[in-house]
Each structure stands twice: as structure tokens, then as C-alpha cells.
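Okay, structure first, notes after.
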Amino acid sequence: MENRVKNLEEKAIDLRKTILTMIHEAGSGHPGGSLSAADYVTALYYDEMNIDPSNPKLRERDRFILSKGHACPVLYSVLALKGYFDYDKIYTLRKLGSILQGHPDMNKVPGVDMTSGSLGQGLSCGVGMAIGLKYDNNAARVFVALGDGEIQEGQIWEAAETAAKYKLNNLIAIVDNNGIQNDGFTKDIMPLGNIAGKWQAFGWFVIECDGHDMKDILRAFNEMKSVKEQPVCILANTVKGKGVSFMANVPSWHGVAPNKEEFAKAIEELKGGI
Amino acid sequence: MSGESTRQAFGDVIIDIAAENEKIFVIDCDIGKSMKTVGFSQKYPERHINVGIAEQNAAGVAAGLATLGKIPIVSTYAVFGSMRMLEQIRTSACYAELNVKVFCSHGGLTPANDGPTHQAIEDFGIYRTIPNMTVIMPADYESCKALIKEAINMDGPVYMRFTRDAMPFYYSNGEPFEIGKGKVLKEGTDLTIIANGDMVHEALKAVAILEAENISVELIDMHTIKPIDEALILKTLSKTKKIITVEDHNVINGLGSAVADIVAQSPIGIMRKIGLNDRFGESGPYHDLLKKFKMDFSEIVSVAKELI
């Protein structure tokens, strides 16, 4: 277990470096929410999900929907590092002709299971996939990463009630609870109240974890496997901009790229581990 | 009048199609009875999803099912199918190139008594603006069944609009239809009337009156608005040089505008558009509404005479 955790922690550092490199190179993008998602995305792709990078369309694969699509550097990074496409493509993010659009395009990027970017839509797509997989007797699961700000969208709760009605225990929503949205802190823009209580009230089984403690993330993933007749919400308590001291918990790092000096400083920090 | 609503054609044909095609799913939004999908839901409960009054979610669920190779049909009223769930269909289905069908009843003024909240008069324009979308309105029961079969056989998102109220039977069972190819119902030389959906029936009445007065009319059922049948429009234009479009929709951005896009590129031709003149409808009997808003056969006749 110790080695497993240590290995994943190292992978998460690689992910963060790749995230910052591609956003810096692009000159625009969303570092804050990409960094807050880096640890659970690492755990999913390197440990939890049944996937085959050489066969992105594998019928039995677990699906991942990045409903908070603006955080796509985290997804592109893990796909590049896992070998879904040539790593050097990360330098083309947001550039003309690139497969790496500003938000994920399932028809351009091998390994992207759903096009996303308009907040609030991904969980419904996950519900459709989960219903279809059950119909096909396919044991694959569907993971949907949601921003905490994103769950202000009403469609999320429409999807939540449908998932509960159809007892979709093959659907797992991960709420990236970093407390920050575009315009500021969620508590100031639109307070979310008792997030765990809301999901429970909608009929979901809620597991809370420290979204940056790899051991706790693995514990949450392990616990979700025992849930029989409910969709699972993993409430991952995270820090926006996690891993880079001057980005951590600073709302202005939601959607700007680091300049040359900031980038160098961030990479230097990451080399020392987080 | 002997006839049937095209929403009934949807409810009837989808049971037949589902028997042969296991990929078909229907997603209802609490108006299954009105959408005539109850038969489907009883025969294929495992392929029927009712998300309740939650149209945006219905669109997303359909997109998710389509990623697995299913053929999901979102079933609701045209007002909700074109506006409440618009962005979900635009981004999660059309941009994502997923095989989602949006089949909607209550097109135009056909939910006559329900009033403006339920009369979709913008949907053609909305959906024909979105890349990758196909937009269709069948005229009657049999053509609706045939076009639904074509839409299911086609890979890609389709928006199809049905009538709430009954329309006269016109086509026979077995009449072939091709998406994107208008049907010439009658050849003529003096002018062309291009209609679709319920307005084909008003056009037929107008043609009978005009023909009795020795005006030779070419009549086209342009069931597919997008892709519009450019070749047929140019062909009829070269013959008659005059086109009147007739649609149960705002005159802005619907069938008339789609035809005008082609006429604008032609060196010859003039045209007039008949439809709802950029205003909301109201509650009332269907034919009274058509008359009040200058969309019925008598309006077609008078515009035709002005054009000759």
C-alpha cells in the first residue's frame, strides 16, 4: 500500500507539471481547477479505472466525463502521460488545428469519453451512459467530475434524481469541492450549503474524502464498491491551485496562464514535491 | 375530415421500428400520453426512460446513451425540445456528433387551444442554425411514419416536428421519402408553392382554387428544411421564376428563409413568404388562427394572384 500510494503521488506531480506546462505554452487556460483535480484523476487513471490506452474505445472500459470541462488540462495531461496520444501534443493546447481544444472534444482526443465544457451537462450524459451500460449488461462504470460551483446548475439536480430513480450504482459523481468559482469564493457567489446533505437528500450514497490525500482517495474508491443500489457521490475536499503555493486558494488563478517567471517558480516548487 | 395527427404516427411507427431495432430508446419528459409513446413504454419498458419534467436532463441522457451506439429519441413538445433543452442538444449532441433524435409534437399553431406558451413558432429557425442538425416536418400520417424510418436509419442528430391536431391523410402507405429531397406534388409553370408540415394541406386547397382559374401551380412538399433541397429549388425556379413559401412558423428563419437563402444566389426569381408574421399566436380553433394570422389557403391564393 505504501508503494502504491507513493507511486501515485509521484504521478500526480508529473500531472501537475504537465498541466502547468501546457497552460503556460497556450498562454490561456484554467490552472486552478486542473490542479485541484490532479490527485483523484491520477488515482482514477493509474489505479482505479479499467482502461486500455492502446484501445481507447474498449467496450468494457470505465468511462470518465470531465463535466467541469474547463479543467481539461488535467485530463489531457493524464491521457498524454498514459500514452493515449503523443506527449508532445500538450504543446498544441488551444492552438489552431490542435486536437486539444479549449474544452474537451470526444471526436478529436483519443480517450475523451464525452465532449464537455458547458457546465451542468456532464452528469446527465453520465446517467445516459450508466443506463445504457446496465441495459447491455456491461459492468463498466461511469465517473463524472463536477466542479462545486458547477452544481449550482439546475440540470445537475435533474440528473441526480434520475440517477437515484434508476438505482445507478455504476455512476460515480466526484464533486471537486475547492470552494472557488470564476467570480470568487462559492460562499460569496452562491453558497452551496450542505453539499453532502443535498446529494443524500437526492438519494445518493455520499463518501467524503480529502481530495489531496492519495490514501484517503483510495479509501473512498474502495468504499464505493460496496454500494449496491444507489449512485455514489464522492465529495472530494480540495484546494484550488493545489501544489503551487501562490496559486493555492486564490480565485484569480481560476482562468489565467502563468507567465514565464510564475511558470518557472511553479515548476521549481513541484520538483520539491508537494 | 379523415385524418390523424403526426404525433400519432410517431407513437405508432416507433413500436414497429423498435421491434426490429434494439438500439431504439425513448426518453419522455412526463408527457408520454400526449406524445403517444405509452404503447412503446408498455411494450419496451427497459428501453423507455421517463425523466419527469426535466427536459435539459433528457437531452443529456440521450447524448450519453448515444455514446454507446444506442439511438435515443427525446420526446417532448417542440417549445421545450427546441428551447428548454437547446444548448444541451447543441453542445452534447450536435457538436459531439452524437446520434440523438429530438422528436417533438405541438409544432406551430397546431396546439391551437393551448395558446402561445405551447405553440412552437421559432424551432425551425433555432435548429437550422446549428451545425450537424437535420430539420424535418412531415405533412401527414404516412409521410411522418416514412420520414421517421429514414431519420432512424440516418446517423446524426435530427429534429422532427409533429402536429398536435389531426391533419388530413394525403400520402399512401409505401410512398418513398428521402431526407433532404422535396416532393413535387404537382407540376406547374406559372408559379411554385413550397410548403411543409400542416401547411401542405392549406397549399393543396389553394392550388385547387388557382388551377380552377387556369393558373398553373407547381407544388412542393419541402418536408426537410435542413439540408434544404437546393437542386429542386433551382429547378423549379428556372421553370416558374416565382416562389411562395408557406409554413406554420415565424416568417423569420424558417422554411421561407431557407428557400430564400437559395433564391438569393440565383440570378433569377422572386419570392414571397407566408407564415406567422413575427408575432405570437393565441388560443383558438386551429383554422381560425390560420385565417386570423393570414396563413390559410385564401391568403395563399391572394398572394399568388398578386405575384402572377
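Proteins get letters first, then strands, A, B, ... in listed order; numbering begins at 1 in each. All values below come from the heavy atoms of this structure, side chains included, with hydrogens, waters and symmetry mates left out.
Other residues, nucleotides and ligands contribute only 12 or fewer heavy atoms inside 6.0 Å of the NZ atom of B/Lys43. Within 6.0 Å of the NZ atom in A/Lys225, the count of heavy atoms belonging to other residues, nucleotides or ligands exceeds 12. Annotation for B/Met83: atom CE counts as buried by contact number, over 12 foreign heavy atoms lying within 6.0 Å. By the 6.0 Å contact criterion, CZ on B/Arg90 is open, its count of non-hydrogen atoms from other residues, nucleotides or ligands being 12 or less. Residue-environment remark: CD1 (B/Ile53) stays at or below the threshold of 12 foreign heavy atoms within 6.0 Å. For B/Lys23, the NZ atom counts as loosely surrounded, since its 6.0 Å shell holds 12 or fewer non-hydrogen atoms of other residues, nucleotides or ligands. Sparse packing is recorded around CZ of B/Arg84, with 12 or fewer heavy atoms of other residues, nucleotides or ligands lying under 6.0 Å away. Taking a 6.0 Å sphere around NZ of A/Lys198, one finds it holds more than 12 heavy atoms contributed by other residues, nucleotides or ligands.
Contacts between A/Asp113 and chain B at a heavy-atom distance below 4.5 Å involve the backbone alone (N, CA, C, O). For A/Arg63, the part lying near chain B is the side chain, with the backbone staying farther off; criterion is any non-hydrogen pair under 4.5 Å. Of the two parts of B/Ser92, the backbone and the side chain both hold a non-hydrogen atom closer than 4.5 Å to a non-hydrogen atom of chain A. Heavy atoms of B/Ala96 lying under 4.5 Å from chain A belong to its backbone as well as its side chain. Contact annotation for B/Phe25: only side-chain heavy atoms (C-beta onward) come within less than 4.5 Å of a heavy atom of chain A. Contact of A/Leu133 with chain B is made through backbone and side chain together, with heavy-atom distances under 4.5 Å. Interface residue B/Glu55: only backbone heavy atoms are found under 4.5 Å from chain A. Contacts of B/Leu98 with chain A are made by side-chain atoms alone, with heavy-atom separations under 4.5 Å and no backbone atom involved.
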TODO: Could you please spell out the steps behind the side chain to side chain contact (heavy atoms under 4.5 Å, CB included) verdict for B/Asn50 and A/Lys165?
DONE: CA-CA 10 Å; B/Asn50 199 330; A/Lys165 173 186 171 184; 4.0 Å; yes
Task: Derivation and outcome, side-chain hydrogen bond (donor to acceptor under 3.5 Å, both in side chains), residues B/Glu87 and A/Ser118 - done: CA-CA 9 Å; B/Glu87 197 223 344; A/Ser118 173; 2.4 Å; yes
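Considering all non-hydrogen atoms of both residues, A/Gln155 and B/Gln88 come closest at OE1-NE2, 2.8 Å. Between B/Glu22 and A/Tyr135, the shortest heavy-atom distance links the atoms OE2-OH, 2.5 Å. When all heavy atoms of A/Met129 and B/Leu68 are compared, the closest pair comes out as O-CD1, 3.4 Å.
Interatomic distance, A/Thr115 OG1 to B/Glu97 CD, rounded to the nearest 0.5 Å: 8.5 Å. Rounding to the nearest 0.5 Å gives a distance of 13.0 Å between CD of B/Glu46 and CD1 of A/Ile131.
Put simply, of B/Ile27, B/Val51, B/Ile49, the one with the most heavy-atom pairs under 4.5 Å next to chain A is B/Ile49. Of all the listed residues (A/Gly117, A/Gly132, A/Gly154), the one sharing the greatest number of non-hydrogen pairs under 4.5 Å with chain B is A/Gly132. Chain B forms more heavy-atom pairs under 4.5 Å with one residue of A/Leu123, A/Thr162, A/Asn107 than with any other, namely A/Asn107.
B/Tyr95 and A/Asp105 are linked by a side-chain donor-acceptor pair at a separation below 3.5 angstrom, with hydrogens and angles left out of the test.
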